[in-house]
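Just so you know, residue 1 is the first one in the sequence shown, and it goes up from there.
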Amino acid sequence: MTASTAKFRSDYRAPEFLIPRIDLTFQLDEERTIVTNRMLVVPQQAQPSLRLHGEHLTLQQLELNGELLSPDAYRITDKHLEIIQVPATPFELVITNMINPLANTALEGLYKSGGAFCTQCEAEGFRRITYYLDRPDVLAEFTTTIIANKQRYPYLLSNGNNIKQGDNNDGTHWVTWHDPHPKPAYLFALVAGDFDVLTDNYTTCSGREVRLELFVDKGNLKQAEFAMTSLKNSMRWDEERFGLEYDLDIYMIVAVDFFNMGAMENKGLNVFNSRYVLADARTATDQDFLNVESVIGHEYFHNWTGNRITCRDWFQLSLKEGLTVFRDQEFSSDLGSRAVNRIDAIRIIRTHQFNEDASPMAHPIRPDKVVEMNNFYTVTVYNKGAEVIRMLHTLLGEQGFQAGMRLYVERHDGQAVTCDDFVAAMADANKFNLDVFKRWYSQAGTPTVTVTQDYNEQAQTLTLKFSQMTPATPGQTSKLPVHIPVLLSAYSQSGKRLTLVNKNLRDHESGSSLFELTSEYQTLEIRDIPERPVVALMENFSAPVKLDAEQIFADSLVLLAHAEQDVTRWEAAQHIYVKLIRDAVEQKQPLILPESVAEAFRQFAQADIDPALKALVFTPPTVEEIAEYYPTEIPIDAIFGAVYELRQQLAAKLLKVFAKVWDTRVVTTYKLTGDDIANRSWLHTALYYLALQLPEQYSSVVANYFKQADNMTAQQSALQIAVHLKLACKRELLDAFEQQWLDTPLVLDKWFAIQASTPDASVVETVNSLQHHAKFDRNNPNRQYALFATFGRNMTQFHRIDGAGYKMTSEMIQYLNDKNPQVAARLVTPLTQWRRFDQQRQQLLKVELEKLQKLPNLAADLDEKISQSLGSN
Ligand code: B3K
Ligand code: ZN
């Protein structure tokens, strides 16, 4: 066990030294790369000693103002280099050190991915490259020279512009890059390798010509075209919606196969996990294409929100991530279906973020205490962070929000700032008080908003009583009320929209009325309501809260049929599902879908409605989402059973409807248009329900559909249906898929994931044998996420009562502790939630956690999560 130390937000101190310029030279070699780091160091006040970060480095030489330093002039620990005496005036430091990229399996710092060298420096990876002040508020102008064998590494890339290059007579060549924009070290990047390059151009709104280059493994050019189009769309969209223009002459993206996360926004040189670049109809599903578009957009949007304006310290991560997720969500919504994008975002919050907010690792979007920063790239910081930005947008409106953005950029371009600075710009530009709102940044936990409705027929008044409560979370026992925008609207029983007039209600640009809940209790009385209304509350998920409001089925059915907003219709269906499932679980009775409800769904399915919305409405909540209603002793099997019964009853009662969708399908060649995507999702939903109801009959239908598919969306859907419903064709399709895609790792990942996610009682054994599959490389993060992370979300089988799922996962975590702690820490999450289960499972989970905790050399990433979970820190 290692003693990891925590850092606190309140301990922030401005840097004692600045580094305005750094000049780096890399002599690349697999196991002995030499880094020469020449930097100008400027003391901010008289300081006797300078302490630089550095890990896994071998120091070779140290020079200060041209003088070699002898070993007694400095101290080296496993985390720092301390130079004992430095001048009080600016000085030049030249450090030469060696690193071993081949041995770097943590994929942080400089490492090898396949045949290429690449880097990942966020959050604190630059210190694995050279000694430096590796903190985001130290901004330097970087010049980088790379020297490497010309044949094996024809492309030598770094941030900024290529200013010089040449050949040496020993088979090596060199390139020098200069990035004119001062940046923190976490945005540094270097890539060297042999690639195919897709090139294009973009002319910005002010007429600047930008060269676009996309580097992929040889032979993959065709699969890069969609990413290139997405990049150009991102650049145009940021100009049009946010008035933000690109600022260098070149924008490069490199796709690599070994990458811990999705992608990285390094200035002018993004490095991407290949799964968010490579896409064509044969290998990528509709969802994969949309994910590529969204991640390409996300990294591009960071150029302003993250790079030009960066974080003062890592506690402020949501400053760039929450805002940039909000921006990528808006980008996807403007280009595609706004409702579908919103529903996807809501599901992520309800399924994953609510869970994290109720876990031992619960943290505010701006954490106060961090041991390992890599543990805080979370759904809370990213997705709840984006919801907080969205609430600001709701409160201020598009114009007010954009005015706030302009002021933020005007004030802080080129700076490293805080979340407070962002909120201040929004408040000042709009003269809007955000004091209560700011609590969203400091409080963890999901607030519950309770609403009671009272209609007085005689007085024709509707009284809505609101209250809010945020539960205690680890380290935060008492909470204050937060500022909650409540979007709402009301309908008559026949589904006609009612006008709501009250001085505390504003007409909102979304079409709803906006009410601001800022204290613990508030009452809203609305007059002139002619009949008992149907009220839609928290429309468009106007705040990341749990809504507790009794609504009778009849009212939900009115909203399902008549609400003006698609998200409200979807919410009405979810409300019905959740109520049916919870009632069945609590009463320990089989779930019964009332005929009136079935009829409403039948009508919905047959109406002239966006098929994408139909597909989403016929997707009941996940087991995890329902589990959120049970703080302890989650009745996993009962929830699973109820969700399954619900699906079966939908299948049985709507069989004819689904059969008609399937039988009248129009099969055309694959096109990636919004309409076709929507039609495919509805068609595959129908096929799922048909196969659920009539497995014998539909097994061959599914098998044929699989065989005739000209695209991965259809092929994957068919395989998933066959495997999850254990159709007779299951083995045949699994084998065919494996054969076809054996040498296409990103596609084979789908095959791993489908098998790991099925609720079958032998999944543990399946996953266990798949981890020995010839194509399962346990050092590759994508493979681990496809198999083990997917398995960790398989509620019934991961938590199999014999503990076999826990044991298998814990063994893999033990392996990864030494190899790749970031991936290990991702896999440990489901184990850390032991308190939410029954006694027997609690015991089994704790045994595994305690075993892991005793590992020699336990990585800080795991140590933090496990200690937090066991309550031992
Ligand atoms: N900023 C990177 C994430 C880096 C993760 C470090 N462990 C990707 C992104 O959010 O755009
Ligand atoms: Zn990001």
field: Donor-acceptor under 3.5 Å (Thr351 side chain, Arg347 main chain)
entry: yes
task: List the atom of Pro620, the atom of Leu650, and the distance in Å for their closest heavy-atom pair.
output: CG-CD1, 4.5 Å
- prompt: When you check the side-chain N and O atoms of Glu599 and Gln603, is any donor under 3.5 Å from an acceptor?
  reply: yes
task: Take the angle between the ring planes of Trp741 and Phe737 and call it parallel below 30°, perpendicular above 60°, tilted in between.
output: tilted
message: Quick test of your reading of the model: are Asp777 and Arg783 salt-bridged, counting only N-O distances below 4.0 Å?
response: no
message: Go through it in stages, so that I can follow the logic: the residues are Gln574 and Val617, the test is side chain to side chain contact (heavy atoms under 4.5 Å, CB included), and I'd like the CA-CA distance, side-chain angles, deciding distance and then a yes or no.
response: CA-CA 8 Å; Gln574 296 302 306; Val617 160; over 6 Å; no
query: So, Trp662 versus Tyr698, ring centres under 6.0 angstrom or not?
result: no
- line: Residues Asp610 and Ala678: closest non-hydrogen pair is OD1-CB, 3.6 Å
message: Just by distance, no angles: are the side chains of Ser113 and Asp257 close enough, under 3.5 Å, to form a donor-acceptor pair?
response: no
message: Less than 3.5 Å apart, any donor N or O on the side chain of Glu539 or Ser512 sitting next to an acceptor on the other?
response: yes
- request: Mind checking side chain to side chain contact (heavy atoms under 4.5 Å, CB included) for Asp280 and listing every partner two or more places apart, or none if nothing turns up?
  value: Gln223, Arg282, Thr283
task: Taking Asn273 for its side chain and Asn260 for its backbone only, find out whether a donor-acceptor pair lies under 3.5 Å.
output: no
query: Once the angle between the rings of Tyr689 and Phe618 is folded into 0 to 90°, is it parallel (under 30°), tilted (30 to 60°) or perpendicular (over 60°)?
result: perpendicular
message: One pair to check against side chain to side chain contact (heavy atoms under 4.5 Å, CB included): Asn201 and Leu212. What are the steps and the verdict?
response: CA-CA 5 Å; Asn201 287 295; Leu212 310 177; 5.9 Å; no
Sidechain N-carboxylate O distance under 4.0 Å for Arg338, Asp334: yes
- request: For Lys653 and Leu593, indicate whether the former's side chain and the latter's backbone hold a donor-acceptor pair under 3.5 Å.
  value: yes
query: How many angstroms lie between CZ in Phe601 and OG in Ser596, if you round to the nearest 0.5 Å?
result: 10.5 Å
field: Any Val701 side-chain heavy atom under 4.5 Å of Leu690 side chain
entry: no
field: Distance-only donor-acceptor check, side chains Asp760 and Ser762, under 3.5 Å
entry: yes
query: Is the backbone N or O of Ala605 less than 3.5 Å from a side-chain atom of Lys614, with the two atoms forming a donor-acceptor pair by type?
result: yes
field: Working for ring-ring contact (aromatic ring centres under 6.0 Å, His included), residues Phe331 and Tyr300
entry: CA-CA 11 Å; Phe331 168 61; Tyr300 175 72; 9.1 Å; no
query: Tell me, do Asn768 and Gln771 make a side-chain contact under 4.5 Å, heavy atoms counted?
result: yes
message: Apply salt bridge (charged side-chain N to carboxylate O under 4.0 Å, His left out) to residues Lys775 and Asp743 and explain how you reach the verdict.
response: CA-CA 8 Å; Lys775 299 291 178 180; Asp743 295 317; 2.9 Å; yes
- request: Would you please say whether a donor-acceptor pair under 3.5 Å links the side chains of Tyr276 and Asn270?
  value: no
message: Apply ring-ring contact (aromatic ring centres under 6.0 Å, His included) to residues Phe242 and Phe301 and explain how you reach the verdict.
response: CA-CA 10 Å; Phe242 279 76; Phe301 304 141; 7.8 Å; no
- prompt: With a 3.5 Å cut-off and no angle check, do the side chains of Ser510 and Gln565 form a donor-acceptor pair?
  reply: no
task: Report the relative orientation of the aromatic rings in Phe354 and Phe541; use parallel for angles under 30°, tilted for 30 to 60°, perpendicular for over 60°.
output: tilted
message: Working to the nearest 0.5 angstrom, can you tell me the gap between Arg680 CZ and Thr285 OG1?
response: 10.0 Å
- request: Could you tell me whether a side-chain N or O of Thr744 sits under 3.5 Å from a main-chain N or O of Val747, the two making a donor and an acceptor?
  value: no
query: What about Phe272 and Phe259, are their ring centers closer than 6.0 Å?
result: no
field: Any donor-acceptor pair under 3.5 Å from Thr229 side chain to Glu225 backbone
entry: yes
message: Tell me if the aromatic rings of His684 and Tyr705 count as close, with their centers under 6.0 Å from one another.
response: yes
task: Count the heavy atoms belonging to other residues, nucleotides or ligands that lie under 6.0 Å from NZ of Lys218, then report whether that count exceeds 12.
output: yes
message: Between the side chains of Glu624 and Arg350, is the shortest nitrogen-to-carboxylate-oxygen separation below 4.0 Å, so that they form an ion pair?
response: no
statement: Taken to the nearest 0.5 Å, the spacing of Ile576 CD1 from Glu571 CD works out to 11.5 Å
- request: Report the residues that fulfil salt bridge (charged side-chain N to carboxylate O under 4.0 Å, His left out) with Arg327, sequence neighbours left out, ordered by chain and then residue number.
  value: Asp238
query: So does Arg731 pair up with Asp735, basic N to acidic O under 4.0 Å?
result: yes
query: For Gly805, does its backbone N or O pair with a side-chain atom of Thr809 as donor and acceptor, under 3.5 Å?
result: yes
query: If every non-hydrogen atom of Met264 is compared with every non-hydrogen atom of Glu299, which pair is closest and at what distance?
result: C-OE1, 3.8 Å
- prompt: Could you give the distance from CG (Leu748) to CG (Asn782), rounded to the nearest 0.5 Å?
  reply: 12.0 Å
task: Please test Trp751 against His773 for ring-ring contact (aromatic ring centres under 6.0 Å, His included), starting from the C-alpha separation and ending with a verdict.
output: CA-CA 12 Å; Trp751 184 82; His773 190 280; 5.2 Å; yes
- prompt: Does Arg826 count as lying over the ring of Tyr785, i.e. NZ or CZ under 6.0 Å from the six-ring centre, within 45 degrees of the axis?
  reply: yes
- prompt: When you check the side-chain N and O atoms of Gln287 and Asn291, is any donor under 3.5 Å from an acceptor?
  reply: yes
Flag for Tyr202-Arg211: side-chain donor and acceptor within less than 3.5 Å: no
- prompt: Are Asp288 and Lys750 ion-paired here, with the side-chain N under 4.0 Å from a carboxylate O?
  reply: yes
message: Counting C-beta onward and ignoring hydrogens, is there a side-chain heavy-atom pair between Phe226 and Leu672 closer than 4.5 Å?
response: yes
message: Please check this pair: side chain of Glu293 against backbone of Ser230, looking for a donor-acceptor N/O pair closer than 3.5 Å.
response: no
- prompt: Does a side-chain N-to-carboxylate-O contact under 4.0 Å join Arg569 and Glu564?
  reply: no
message: Using a strict threshold of under 4.0 Å (side-chain N to carboxylate O), is an ion pair present between Arg342 and Glu330?
response: no
task: Nearest 0.5 Å please: distance from the CD atom of Gln755 over to the CG atom of Leu719.
output: 7.5 Å
Pair Asn220, Asp196: side-chain N/O donor-acceptor within cut-off below 3.5 Å: no
- prompt: Are Gln353 and Glu387 close enough, and set up right, to give a side chain to side chain donor-acceptor pair (under 3.5 Å), and what steps lead you there?
  reply: CA-CA 11 Å; Gln353 201 280 323; Glu387 293 300 320; over 6 Å; no
message: I need the Asp583 CG to Leu591 CG distance, nearest 0.5 Å.
response: 8.5 Å
statement: Result for side chain to side chain donor-acceptor pair (under 3.5 Å) between Ser757 and one of Gln720, Arg793, His724 points to His724
